[in-house]
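Some notes on the structure that comes next.
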Amino acid sequence: MHLAPNQLAAQLHKGLRSLYTLHGDEPLLQQEAADAIRAAARVQGYTERSTFTVAGAHFDWSAVLAAGGSLSLFADKQIIEIRIPSGKPGKEGSVALQQLAEVASGNESTLTLVLLPRLDKATKTGAWFAALESHGVTVQIDPVERAALPQWIAQRLAAQGQQVVAGEEGQRTLSFFADRVEGNLLAAHQEIQKLALLYPLGELHWEQVEAAVLNVARYDVFKLSEAVLSGQLLRVQRMLDGLEAEGEAAVLVHWALAEDIRALKRIKDATQAGKPLPVALRENRIWGAKERLFERILPRATDAALARLLQSAHKVDGIVKGLPVPDWPQAPWQALQRLALQLGKLALAAR
């Protein structure tokens, strides 16, 4: 059974299952989902908990299987947690997870909780993950996208009895808050909790939030890629400034931008040769939010425009490595800004 994160609480209230799998790359939301499962289990008498972290190819899966089949003298119900940070259990782990999933059905003495990172499509169609989904509950936990972040903040404030003022000021306050914590839900959570300590229940004004919320944004190279491909030019400028201020390597930023440009060219060439777009995207490992952005940009991206972008990426490659290039800014971050805006304007034209 697959559930969205917002459906988990209702499912737990309806009745605890013996197998849960959480997968995704948002640590705060995964931790909260796991805490909710543990809390529901404690109410049902699951008093003992064992945790296993799968690290390396030589992990002893027999210990996990043995733990699932034994109870201590002091507890009649237990939680077995299996953490797989790599998302790759290996051949032995695949067999063990399928076995654990099969024995979980109807097992009222052991609750198994599997914690995984974000999984690609191929992994989610594998036999071991299919077994987890078939015999238990799986929850995919995705990051909160920038457009949804103000509403997420408002919901969290409401849960602790606070809300921004109505109207334009409130929307501006939420947008400011979202800008400050962009890409870092844990920081957002901490700042929301701080507002509960600083101010009483009720309305929060712009000045209160501005004074309390720290600049805790985590600027991410891969989030920058999505912003560029979305044509969000002002946001791109802000993120580039943040990456530079945080000491990010200019060569890494260039790699992310250049890889997007190269992928657009490869996929364009493939579709012109008769390959279906979904196939070309999959072969180039483009999926999720970026897949939708590529689908929007490619019909408007001419061969000439992509050729210009490739040439610009080549020039910026030289600049970030210290080579002078005529008619381009010689400062790496200024050159990166120009390259990002060229690609962003192509994306903007496709919106």
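Only heavy atoms go into these numbers, but all of them, side chains included; no hydrogens, no water, no symmetry mates.
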Note to self: To the nearest 0.5 Å, what is the distance between CG on L111 and CD on E81?
What the structure shows: 9.0 Å
Note to self: Could you check whether E295 pairs with R292 (Lys NZ or Arg NE/NH1/NH2 to Asp/Glu carboxylate O, under 4.0 Å)?
What the structure shows: no
Check: Short question: side chain of Y20, backbone of R17 - any donor-acceptor pair under 3.5 Å?
Finding: yes
Next item on the list: For the residue pair H2 and H23, categorise the inter-ring angle as parallel (less than 30°), tilted (30 to 60°) or perpendicular (more than 60°).
Entry: tilted
Notebook entry, point to check: Is the closest side-chain heavy-atom distance between F52 and R83 below 4.5 Å?
Noted result: no
Notebook entry, point to check: Hey, are D241 and R238 close enough for a salt bridge, meaning a charged N less than 4.0 Å from a carboxylate O?
Noted result: no
Check: Within the distance-only criterion (no hydrogens, no angle test), does the side chain of Q7 pair as donor or acceptor with the backbone N or O of A4 below 3.5 angstrom?
Finding: yes
Notebook entry, point to check: Are the side chain of Q98 and the backbone of S94 linked by a donor-acceptor contact shorter than 3.5 Å?
Noted result: yes
Notebook entry, point to check: Any chance CD of E207 has more than 12 other-residue heavy atoms, nucleotides or ligands included, within less than 6.0 Å?
Noted result: yes
Item checked: L323 atom CG, neighbour heavy-atom count above 12 within 6.0 Å -> yes
Notebook entry, point to check: Thinking salt bridges, do K290 and E226 make one under a 4.0 Å N-O criterion?
Noted result: no
Next item on the list: Please report the C-alpha distance between L195 and L197 in whole Å, then the side-chain angles of each, then the deciding distance to 0.1 Å, and finally whether the side chain to side chain contact (heavy atoms under 4.5 Å, CB included) criterion is met.
Entry: CA-CA 5 Å; L195 288 169; L197 295 173; over 6 Å; no
Check: Under a 4.0 Å N-O cut-off, is there an ion pair linking D179 with R146?
Finding: yes
Checklist line | Main-chain N/O of A280 paired to N284 side chain as donor or acceptor, under 3.5 Å | finding: yes
Item checked: Check: S86 side chain, K88 main-chain N or O, donor-acceptor pair, under 3.5 Å -> yes
Notebook entry, point to check: Should L198 and V209 be counted in the same cluster of Ile, Leu, Val, Met, Phe, Trp and Tyr side chains packed under 4.5 Å apart?
Noted result: yes
Notebook entry, point to check: Does W333 reach the side chain of L243, with side-chain heavy atoms less than 4.5 Å apart?
Noted result: yes
Check: Is L22 reachable from L16 through a run of hydrophobic residues whose side-chain heavy atoms are each under 4.5 Å from the next?
Finding: yes
Note to self: Would you compute the distance between atom CD of Q163 and atom OG1 of T173 and round it to the nearest 0.5 angstrom?
What the structure shows: 12.0 Å
Notebook entry, point to check: Which heavy atom of Q160 sits nearest a heavy atom of I192, and at what distance?
Noted result: NE2-O, 2.7 Å
Check: Any side-chain heavy atom of W128 sitting closer than 4.5 Å to one from T123?
Finding: yes
Note to self: Using 0.5 Å steps for rounding, measure from the OG atom of S312 to the CG atom of L339.
What the structure shows: 6.5 Å
Notebook entry, point to check: If Ile, Leu, Val, Met, Phe, Trp and Tyr residues are connected whenever their side-chain heavy atoms lie under 4.5 Å apart, and connections chain through other members, are L65 and L132 in the same group?
Noted result: yes
Check: Which atom pair, heavy atoms only, marks the closest approach of P332 to I319?
Finding: CA-CG2, 4.0 Å
Next item on the list: Quick one: closest heavy-atom pair of T21 and F129, and the distance?
Entry: CG2-CE1, 4.3 Å
Checklist line | Nearest heavy-atom neighbours spanning S230 and L293 | finding: OG-CD2, 3.5 Å
Item checked: Joint cluster assignment, L113 & V103, ILVMFWY side-chain distance < 4.5 Å -> no
Next item on the list: Determine whether D25 and P117 make a side-chain contact, defined as any pair of heavy atoms from C-beta on separated by less than 4.5 Å.
Entry: no
Checklist line | Donor-acceptor contact present, side-chain Q30 to main-chain L116, <3.5 Å | finding: yes
Next item on the list: Flag the pair K124 and D120 as a salt bridge only when some basic side-chain nitrogen lies within less than 4.0 angstrom of an acidic carboxylate oxygen.
Entry: no
Notebook entry, point to check: So does H314 have more than 12 non-hydrogen atoms from other groups sitting under 6.0 Å from NE2?
Noted result: no
Checklist line | Closest heavy-atom pair and its distance - W206, E169 | finding: N-OE2, 3.0 Å
Checklist line | E108 CD: over 12 foreign heavy atoms closer than 6.0 Å | finding: no
Check: Counting distance only, does the side-chain N/O of Q11 pair as donor-acceptor with the main-chain N or O of G15 below 3.5 Å?
Finding: yes
Next item on the list: Mark yes or no for whether T271, through its side chain, and I267, through its backbone, hold a donor-acceptor pair below 3.5 Å.
Entry: yes
Margin query: side chain to side chain contact (heavy atoms under 4.5 Å, CB included) for Q78 and R49? Distances and angles first, verdict last.
Written below: CA-CA 6 Å; Q78 64 174 342; R49 175 181 163 199; over 6 Å; no
Notebook entry, point to check: Is R156 paired with E32 through a side-chain N to carboxylate O contact shorter than 4.0 Å?
Noted result: yes
Check: Quick one: which of L97, T112, V54, I82 gives a side-chain contact (heavy atoms from CB on, under 4.5 Å) with V64?
Finding: I82
Margin query: Quick check: closest heavy atoms across A335 and W328, and the distance to 0.1 Å?
Written below: O-CZ3, 3.6 Å
Check: How about K77 and T47: does a side-chain donor come under 3.5 Å of a side-chain acceptor?
Finding: no
Next item on the list: State the CG-CG distance between L8 and L29, to the nearest 0.5 angstrom.
Entry: 11.5 Å
Checklist line | Check against side chain to side chain contact (heavy atoms under 4.5 Å, CB included), V316 and L336 | finding: CA-CA 7 Å; V316 178; L336 286 169; 3.9 Å; yes
Notebook entry, point to check: Atom CD of E191 and atom CG of L157: how far apart are they, to the nearest 0.5 Å?
Noted result: 11.5 Å
Next item on the list: Examine I261 and L298 and state if one hydrophobic cluster contains both, with Ile, Leu, Val, Met, Phe, Trp and Tyr joined whenever side-chain heavy atoms are less than 4.5 Å apart.
Entry: yes
Check: Taking ILVMFWY side chains as joined if any heavy atoms are under 4.5 angstrom apart, and letting links pass through other members, which residues group with L233?
Finding: L341, L348
Next item on the list: Starting from the C-alpha separation in whole Å, work towards a yes-or-no answer on side chain to side chain contact (heavy atoms under 4.5 Å, CB included) for L115 and I84.
Entry: CA-CA 6 Å; L115 302 172; I84 312 177; over 6 Å; no
Notebook entry, point to check: Should R172 and V164 count as side-chain neighbours, where that means a heavy-atom distance under 4.5 Å?
Noted result: no
Check: Is any side-chain heavy atom of P150 closer than 4.5 Å to a side-chain heavy atom of Q171?
Finding: no
Notebook entry, point to check: Just how far is it from atom CD of E244 to atom CD of Q334, taken to the nearest 0.5 Å?
Noted result: 8.5 Å
Next item on the list: Given salt bridge (charged side-chain N to carboxylate O under 4.0 Å, His left out), test E259 with R266 step by step and report yes or no.
Entry: CA-CA 10 Å; E259 183 58 26; R266 289 194 299 267; 3.1 Å; yes
Notebook entry, point to check: Between S18 (side chain) and A104 (backbone), is there a donor-acceptor pair under 3.5 Å?
Noted result: yes
Check: If you measure only the distance, is there a donor-acceptor pair under 3.5 Å linking the side chains of Q337 and Q237?
Finding: yes
Margin query: A side-chain contact here means heavy atoms from C-beta on lying under 4.5 Å apart; do K265 and L310 qualify?
Written below: yes
Margin query: Any side-chain to backbone donor/acceptor pair from R300 onto A349? Under 3.5 Å, distance only.
Written below: yes
Margin query: Using a strict threshold of under 4.0 Å (side-chain N to carboxylate O), is an ion pair present between D142 and R118?
Written below: no
Check: Looking at side-chain heavy atoms only, is the closest gap between V144 and E26 below 4.5 Å?
Finding: no
